[in-house]
Undergrad: 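Supplied in structure tokens, the structure appears directly below.
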Amino acid sequence: MQEYMLLMRTSAKIWFTSTFKSKSWKKILTTTFGYLALIGFAVFWAYTSSKLFGDLINLFPEGSEIILQSTVLSISSLLALSTIIFLFLTGLRILYEYLFESPDMSFLLATPLKVQNVFAAKLTECLGLIFISISYMTLMPFIGLGVAFKANFIYYLTTIISFLAGFALFGSVAALILLLIMRYVPGQRLKQILLSATLLFGILIVFISQAASSSMIGLTQEEIIAALNGLSDLGINKLSFLPHVWMAKASIATLPGSKINLWANLLPLLLIAGTLFWFTTKLSAKLYLSGWSSGQESDAPKKKKAKVEQQVSKGSGSPFSAMLKKEMLQIKREPMMWYQIAIGLIVMGFYAFNMSRSSGSQGVSDLAPDFIGKSVSLFMILLFAGLSGPTIAGLALSREGKNWRFLQALPLDSRTVYWSKFVFGYLPCLIEGLIGIAIFTFLPGTEMFPLYISVPVIIISLAALTALDLWTDIYFPNFNIKIGSSKSQEGTGKLLLVQLGMMPIIFLIGATFAFQWWYSNVAMFQGLSESVARVISLGLFSLETIGVFLICTGTAIKRLKLLFSGAVDAKGA
Amino acid sequence: MIEARGLTKEFGKFKAVDNVNFKVESGELFAFLGPNGAGKTTTIKMLAGLLIPSSGEALLSGISVHDNPVEAKKLIGFVPDEPNIYDKLTLREFLDFVADIYRMDRERAREIAEYYLEIFELTDRQDELMQGYSHGMRQKANIIAAMIHDPQVIFLDEPTVGLDPRSARLIKDILKKLTKEGKTVFMSTHILEIAEEMADRVGIIQKGQLKFVGTVEELAMAQGSKGSLEELFLQLTGSEEDKELISHLKG
């Protein structure tokens with residue numbers, strides 16, 4: 001216990017020092033902003049949930065409290081179940097990285113510390129991180145539920161305790177599974193499986209949520225109540241021997257007027273969570289070391305020599321094509337790079353699907369002017385294709401990581417490097433944008449401008465956005481970022497900041513382009529003729545996009561030249 | 001071939017390299033020695049065009065590294081102190097990438113690559129992703145990448161760290177062969193036996209200042225004592241306490 005506490009104290013100290021005791025004001029500000037953004041989102045999500053639960057309470061007439069309680073329990077059980085599914089699939093990869101890929105593990109295992117204490121400390125640290133990253137999505141609705149039901153302090157305390165116990169329980173099970181698998185599956189292969197599972201799971205969640213939102217369109221109040229009753233009938237809340245139901249029931253038990261027994265649910269949850277955590281750490285004394293060693297081994301070599309030898313082409317390549325080929329090979333082999341693009345395409349597809357389904361029915365869209373639907377469709381394409389940029393172009397230089405020094409020693413012109421990085425960032429976004437245009441143009445019932453308008457707008461806008469993404473990375477590179485690692489907090493923070501920054505810019509570009517249609521609704525522009533408004537709209541749009549593109553490209557190439565000569569410092573270089 | 005003219009690098013108030021001057025001729029193997037943090041890597045970075053000097057100049061075959069970096073870098077091969085390579089590429093793809101950067105004929109590049117791959121016993125593993133490579137294999141991959149375009153000047157920063165004895169021996173033989181062919185080799189190392197065995201001349205840097213440039217014999221004469229390079233090095237760079245400790249340990 002003493003060793004465990006020592007390790008936990010050290011981890012907390014390292015986290016606190018690296019987060020809040022930086023000498024760089026820029027880092028302190030960025031960290032503070034990141035935490036504030038996280039808290040802001042959590043508050044917003046809790047507030048939205050409280051409103052939704054408030055509406056739900058109002059849906060049920062007086063005297064139907066039992067049905068309401070049953071519905072709330074079903075929703076809570078579903079939320080608790082989602083938390084566990086998230087923990088198992090997204091958290092499993094993080095757990096694997098913490099337990100089997102932590103750089104300090106070889107040092108810790110070489111000390112006289114007991115293996116199970118090292119394992120327990122790492123498991124706790126990791127579960128804490130997963131708790132923060134997952135529960136602010138699924139715990140906040142519980143907070144909103146408490147607000148809607150005007151719950152007291154005990155409710156919030158019990159909810160947090162039951163969530164922590166749930167994390168300890170299922171985290172221990174996940175760790176146990178990993179411990180066992182590591183004996184039989186090589187580390188690299190397991191990592192690939194976990195990455196793919198995470199990606200598929202993410203896509204599945206978007207798919208289900210979009211399908212649900214699509215089928216909810218146009219439901220009446222009675223139909224919503226019927227759907228909620230149907231949810232209760234699924235029996236999610238009736239499997240009282242399952243821990244996620246204990247989590248939900250322990251929480252709901254303390255709501256005003258609840259008939260659920262708190263201790264009958266909280267006690268078994270706490271007992272089983274404690275026992276499983278203890279059992280897993282005890283077992284780690286026997287299994288962990290051999291599993292960790294197997295994780296350090298690489299996969300067996302793939303022998304394709306003869307086949308590849310025939311592919312040696314004559315002539316010589318160019319530095320630009322060499323750089324571009326290198327980037328493309330790396331993006332092909334990094335599944336996480338495709339995540340954002342895949343999600344963007346699926347969301348766009350469902351948006352178009354929703355639009356085509358609702359086009360037949362009488363609704364607001366029939367009364368709105370023709371250009372609104374088209375502009376919104378174009379804006380959606382720009383938004384999703386544009387938001388893929390920070391993941392690719394926004395990290396195009398930083399992804400060189402520790403190879404930057406090697407690249408610096410090569411006879412590369414800064415223009416060559418810039419344009420290869422630009423094409424690397426631009427191509428995936430452009431493909432996503434063009435697929436989006438194809439979906440909205442050819443799917444019956446959707447609205448889109450003619451191709452001679454939509455295609456150039458997307459080509460120009462995405463070029464400007466990619467140049468801006470790349471500019472941010474060339475001006476603020478961070479070669480410490482580990483691409484594809486969930487432990488790279490610096491990478492995630494940088495990515496979130498750029499994505500947040502891009503949103504208003506994408507909105508501005510979209511609004512400028514659509515000015516020719518909305519100007520007449522604003523009093524100060526009502527005097528403008530249609531042709532003058534169109535000239536202003538297209539003029540401003542061109543100025544914004546081409547201006548951003550030229551300025552970003554010019555300054556980024558100059559900055560890159562300075563970076564190559566070592567005249568300016570870069571983080572991690 | 002390599003010329004440092006008053007090379008100085010300051011990081012804020014700290015002077016990492018202070019007015020360093022020397023010349024290394026074609027066909028010479030120059031070992032650059034110094035204690036940890038003496039300024040060896042900073043000097044190599046300035047000579048290879050990875051770091052701009054605060055003052056002074058670095059020249060390669062008369063070309064200013066900082067005024068004409070691309071042309072200067074075409075002449076060099078660089079092996080960094082940490083063998084970082086592209087994990088998501090195979091060694092074959094990595095070597096093709098480097099060859100294309102130097103606009104080499106692909107068949108010629110492949111011939112040279114095969115030669116070094118055979119020597120370093122990596123032929124059978126060149127189609128694996130390099131993420132599975134050991135430290136020593138990564139170091140070998142970096143060395144092959146530095147040699148593939150047949151450079152005139154080779155900079156190596158601690159090249160034998162992490163290599164098995166056989167590979168370390170191979171590196172030494174390759175470097176000797178290259179100097180016989182008229183290539184210039186500039187190598188930093190902590191292993192003084194390697195420097196003593198291989199180097200035509202040595203340069204010793206301490207606290208950013210170049211303390212000595214010459215042959216090992218000239219160093220012995222300058223120190224007024226005979227002994228191994230290790231002893232001469234410690235005499236030159238050690239403090240009085242170090243010298244007392246050494247003589248005490250020797251009894």
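Note on naming: letters A, B, ... go to the chains in the order of the sequence lines (proteins, then strands), and numbering restarts at 1 for each one. Just so you know, these numbers use all the heavy atoms, side chains as well, and skip hydrogens, waters and symmetry mates.
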Undergrad: Once rounded to the nearest 0.5 Å, what's the spacing between atom CG of B:Leu89 and atom NZ of A:Lys325?
TA: 9.5 Å
Undergrad: Quick one: does B:Ile101's side chain get under 4.5 Å of A:Met323's, heavy atoms only?
TA: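 Yes. Closest side-chain heavy atoms under 4.5 Å.
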Undergrad: Is it true that B:Asp81 and A:Arg405 have a side-chain N and a carboxylate O under 4.0 angstrom from each other?
TA: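 Yes.
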Undergrad: For B:Val98, is it the side chain, the backbone, both or neither that has a heavy atom under 4.5 Å from a heavy atom of chain A?
TA: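 Just its side chain gets close to chain A.
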Undergrad: Applying a heavy-atom distance below 4.5 Å, give me the residues of residues 21-35 of chain B that approach chain A, sorted by number.
TA: none
Undergrad: How long is the gap from NZ on B:Lys88 to CZ on A:Arg399, to the nearest 0.5 Å?
TA: 9.5 Å
Undergrad: Does the side chain to side chain contact (heavy atoms under 4.5 Å, CB included) test come out yes or no for A:Ser565 and B:His66, once each step is laid out?
TA: CA-CA 7 Å; A:Ser565 67; B:His66 311 297; 5.8 Å; no
Undergrad: Answer yes or no: does atom NZ of B:Lys207 have more than 12 heavy-atom neighbours from other residues, nucleotides or ligands under 6.0 Å?
TA: no
Undergrad: Rounded to the nearest 0.5 Å, what separates atom CG in B:Asp87 from atom NZ in A:Lys402?
TA: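 With rounding to 0.5 Å, CG (B:Asp87) is 13.0 Å from NZ (A:Lys402).
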Undergrad: To the nearest 0.5 angstrom, please state how far the CD atom of B:Glu82 sits from the CG atom of A:Asn403.
TA: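 These two atoms lie 11.0 Å from each other.
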Undergrad: Side chain, backbone, both or neither: which part of B:Ile76 has a heavy atom under 4.5 Å from chain A?
TA: side chain
Undergrad: Mind checking the CG-CG spacing from B:Leu50 to A:Leu407? Nearest 0.5 Å is all I need.
TA: 10.0 Å
Undergrad: Please work out which of the three classes, parallel, tilted or perpendicular, describes the rings of B:Phe94 and A:Phe406, given edges at 30° and 60°.
TA: tilted
Undergrad: Can you tell me which of B:Arg108, B:Glu71, B:Lys74, B:Glu93 forms the most heavy-atom pairs within a distance under 4.5 Å of chain A?
TA: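 The option with the most such pairs is B:Glu93.
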Undergrad: Find the one option among A:Ala322, A:Ala409, A:Pro411 whose heavy-atom pairs under 4.5 Å with chain B are most numerous.
TA: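 Sorted descending by pairs with chain B, the first entry is A:Pro411.
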Undergrad: Does atom CD (B:Glu181) have a neighbourhood of more than 12 heavy atoms from anything else shown, all under 6.0 Å?
TA: yes
Undergrad: Atom CZ in B:Phe97, atom CG in A:Leu324: separation rounded to 0.5 Å?
TA: 11.0 Å
Undergrad: Looking at chain B, which one of A:Leu410, A:Leu562, A:Leu329 has the largest number of heavy-atom pairs inside 4.5 Å, strictly under?
TA: A:Leu410
Undergrad: Is any side-chain heavy atom of A:Gln408 less than 4.5 Å from a side-chain heavy atom of B:Phe78?
TA: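 Answer no - side chains too far apart.
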Undergrad: Using non-hydrogen atoms and a 4.5 Å limit, figure out which bit of B:Ala145 sits close to chain A: side chain, backbone, both or neither.
TA: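 Answer is side chain: those atoms of B:Ala145 sit under 4.5 Å from chain A.
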Undergrad: With a 4.5 angstrom heavy-atom cut-off, is it the side chain or the backbone of B:Pro80 that approaches chain A, or both, or neither?
TA: side chain
Undergrad: Can A:Glu400 and B:Tyr86 be said to form a side chain to side chain contact (heavy atoms under 4.5 Å, CB included), step by step?
TA: CA-CA 8 Å; A:Glu400 290 294 337; B:Tyr86 294 98; 2.5 Å; yes
